[in-house]
Amino acid sequence: MPGRMSRGEPLPLVHARGLTKRFGAFTAVDAIDFDVARGEAFGFLGPNGAGKTSTMRMIGCVSPVTAGTLRVLGLDPATDGPRIRARLGVVPQQDSLDMELTVRENLVIYGRYFDLSRAEARRRADALLDFVQLLDRADSQVEPLSGGMKRRLTIARALINEPELLLLDEPTTGLDPQARHLLWDKLYRLKQEGVTLVLTTHYMDEAEQLCDRLVVMDKAKIVAEGSPRQLIERYVTREVLELRFPAGASVDLDGRLEGLAERVEQLPDRVLLYTDDGEAAVVAVHERGLRPESALVRRSTLEDVFLRLTGRTLVD
Amino acid sequence: MTSLARIGPWPLGGLRAARLVERNVMVYRRTWLVIVSGFFEPLFYLLGIGFGLGALIGDVPGPDGRPIPYGVFVAPALLATSAMNGAIYDSTFNVFFKLRYAKTYDAVLSTPLGVGDVALGEVAWALIRGTLYALGFLVVTVLLGLARSPLVVLTVPAAMLVGFAFAAVGMAATTFMRRWTDFDFIFVVTLPLFLFSATFYPITAYPDALRVLVVATPLYHGVDLIRGLSTGVVGPALLGHVVYLAVMGLAGVAVVWRRLDRLLLK
Ligand SMILES: Nc1ncnc2c1ncn2[C@@H]1O[C@H](COP(=O)(O)OP(=O)(O)OP(=O)(O)O)[C@@H](O)[C@H]1O
Ligand SMILES: [Mg+2]
């Protein structure tokens, strides 16, 4: 069915121009522009307070737009909120599961909010519990579930209305690596089925894994846009050499690393040398008589892009 | 995906609030004892005060001045009071928990439901519970011979109206509460209402100045309305009570609507 919907519908699923959100005098989202096409996975990458959640809430039609244009599914959230929300799935940053209901009831009542018949809501609830591997906990209360299970249940709940567009605000924050990979796998399968994903994260590996395209947000603004690969190519070198020096030694480094790399970034705990040939840089460092505690060559990531763009690290 | 074809356009309109009632039914299906217990409150009052105290007091002047047994006098007032208490309980503690802690409404608002549906749904739920209690109380009143008129069946819708008025205003007050201790304020209001709204003695017991004050408060209207119906003394005053309570309820819903909008849709 996805084919039928996408043909003859060139409109982006989400279209924002000069989108602005203010809380009193404070500007949380400052005139940002972006488009999300049907079928893609689109990410907002940014540190705490960048304005990611504020943007997601506006797209989800639960937060009025202060200024600018926003169209979701071709409709205006200000006037068509209920109609838009009927076709959205939302995974909020903080789980908002119904603690007074069981796992299955959480899904069934959510289906009822979307006007599904009781039988259909129950049928979908069980199918989704199977999908997120919670069927054996169907009759359990929500409270004792682990963080990862709650997150999976929240995702299942967001799918009860078979949404065209799924909004995920930090879907894996606070989960252990195994639970994260399980969730990524589920999200990847949804994308394969044609669901459009819009997600926020401050994990660069998550953005690289899941997003076809992303924008980097910082201080209420979009500072860069592209695919993970494009961003890395555009803003940083292929490889990075990470040097750690014994405590206190970094102060004497002034000037001694010059010319070894395209760019040198000095962080409190380490020094980053951006170069297309990391191994050669390691040799060069030693030739200059420097004796780092450790020297690690790795591929550049979105983390480096972010550092380059904002002068700050993404995850503290 | 197929959602558009299956869900169709959005025709549900005002019925959307009913989904929230359905949610509450789901919750209370497991804890139905809590619901049943609400029925006993007015019953205990009736037995303790109506009969225990009634035996000592004997007859008191009824709504039309003619003497009636104390049990007949006090039963309708107890029904009105319990309609108030039940509505307040549901629309304050329970709503506060869902609003501030459980974030129940945040999740609801990500669906086609809006704040108006939340406001109406919760008030409707408080009303439904109150109606069940009123029905139970009606049966007891009739069985104990405390009803003096067939109009007593109208005490059920009357109790619903009292419940509606207090649920709406209680929920409106709740949207302004910040912490649990703020709820002490509710007892500061409801206890005097319970004691002084011509509940236990006729309003003629008050000096004129005080009478004006009592007539201005809401429970008095509920008590006098239900007492008029169960004793069969009806007049234009009852219509005044209905209007007072209806306006109070509608104003409460309007405030809830606006406050939830401000609190939840930032
Ligand atoms: N309701 C509100 N009232 C006032 N300020 C708010 C409100 N919601 C968010 N803000 C402010 O707007 C800014 C952006 O917040 P937002 O939640 O959108 O950031 P974020 O990118 O999602 O951050 P995080 O990664 O921590 O979730 C923050 O400075 C925050 O304090
Ligand atoms: Mg956020």
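Chain letters run A, B, ... following the sequence lines, proteins first, then strands; residues in each count from 1.
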Checklist entry - Measuring from A:Phe114:CZ to B:Arg16:CZ, what's the distance to the nearest 0.5 Å? => result 12.0 Å

Checklist entry - Roughly how far, to the nearest 0.5 Å, is the CE atom of A:Met99 from the NZ atom of B:Lys98? => result 14.5 Å

Checklist entry - Do NZ/NE/NH1/NH2 and the carboxylate oxygens of A:Asp115 and B:Arg19 come within less than 4.0 Å? => result yes

Item to check | Residues A:Glu100, B:Arg23: salt bridge by 4.0 Å N-O rule | outcome: yes

Item to check | Straight-line distance of B:Thr111 OG1 to A:Arg157 CZ, nearest 0.5 Å | outcome: 9.5 Å

Checklist entry - Minimum heavy-atom separation for A:Tyr113 to B:Leu20, with atom names? => result OH-CD1, 3.9 Å

Item to check | chain B contact via A:Leu97 - which portion, at a heavy-atom distance below 4.5 Å | outcome: backbone

Checklist entry - Non-hydrogen atoms of chain B under 4.5 Å away: do they reach the side chain of A:Arg22, the backbone, both or neither? => result neither

Next on the checklist: As an exercise, state the distance from OG1 of B:Thr104 to CD1 of A:Ile109, rounded to the nearest 0.5 Å.
Outcome noted: 11.5 Å

Item to check | Contact winner vs chain B - A:Leu88, A:Leu101, A:Val90, A:Asp95, heavy-atom pairs under 4.5 Å | outcome: A:Leu101

Checklist entry - Distance from B:Ser110 atom OG to A:Tyr110 atom OH, nearest 0.5 Å? => result 4.5 Å

Report all side-chain donor-acceptor pairs from residues 77-94 of chain B shorter than 3.5 Å, counting only partners two or more places apart or in another chain.
unit_1, atom_1, unit_2, atom_2, d
B:Thr81, OG1, B:Ala77, O, 2.8
B:Ser82, OG, B:Leu78, O, 3.4
B:Ser82, OG, B:Leu79, O, 3.1
B:Asn85, ND2, B:Glu41, OE2, 3.3
B:Asp90, OD1, B:Asn94, ND2, 2.9
B:Asp90, OD1, B:Arg129, NH1, 3.1
B:Asp90, OD2, B:Arg129, NE, 3.4
B:Asp90, OD2, B:Arg129, NH1, 3.4
B:Ser91, OG, B:Ala87, O, 2.9
B:Ser91, OG, B:Ala167, O, 3.2
B:Thr92, OG1, B:Ile88, O, 2.5
B:Asn94, ND2, B:Tyr28, OH, 3.2

Checklist entry - So B:Arg30 and A:Thr102, side-chain contact (heavy atoms from CB on, under 4.5 Å) or not? Walk me through it. => result CA-CA 11 Å; B:Arg30 268 188 308 277; A:Thr102 67; 3.8 Å; yes

Next on the checklist: So for atom NZ, which belongs to A:Lys191, do other residues, nucleotides or ligands contribute more than 12 heavy atoms lying within a distance under 6.0 Å?
Outcome noted: yes

Next on the checklist: Atom CZ of residue position B:Phe185 - does it have more than 12 heavy atoms of other residues, nucleotides or ligands inside 6.0 Å?
Outcome noted: no

Next on the checklist: Looking at A:Gln94, I'd like to know if its CD atom is crowded, meaning that more than 12 non-hydrogen atoms belonging to other residues, nucleotides or ligands lie closer than 6.0 Å.
Outcome noted: no

Checklist outcome for this item: OG (A:Ser96) and CG (B:Leu109) are apart, to the nearest 0.5 Å, by 10.0 Å

Checklist entry - With a 4.5 Å limit on heavy-atom distance, are the side chains of B:Met26 and A:Val108 in contact? => result yes

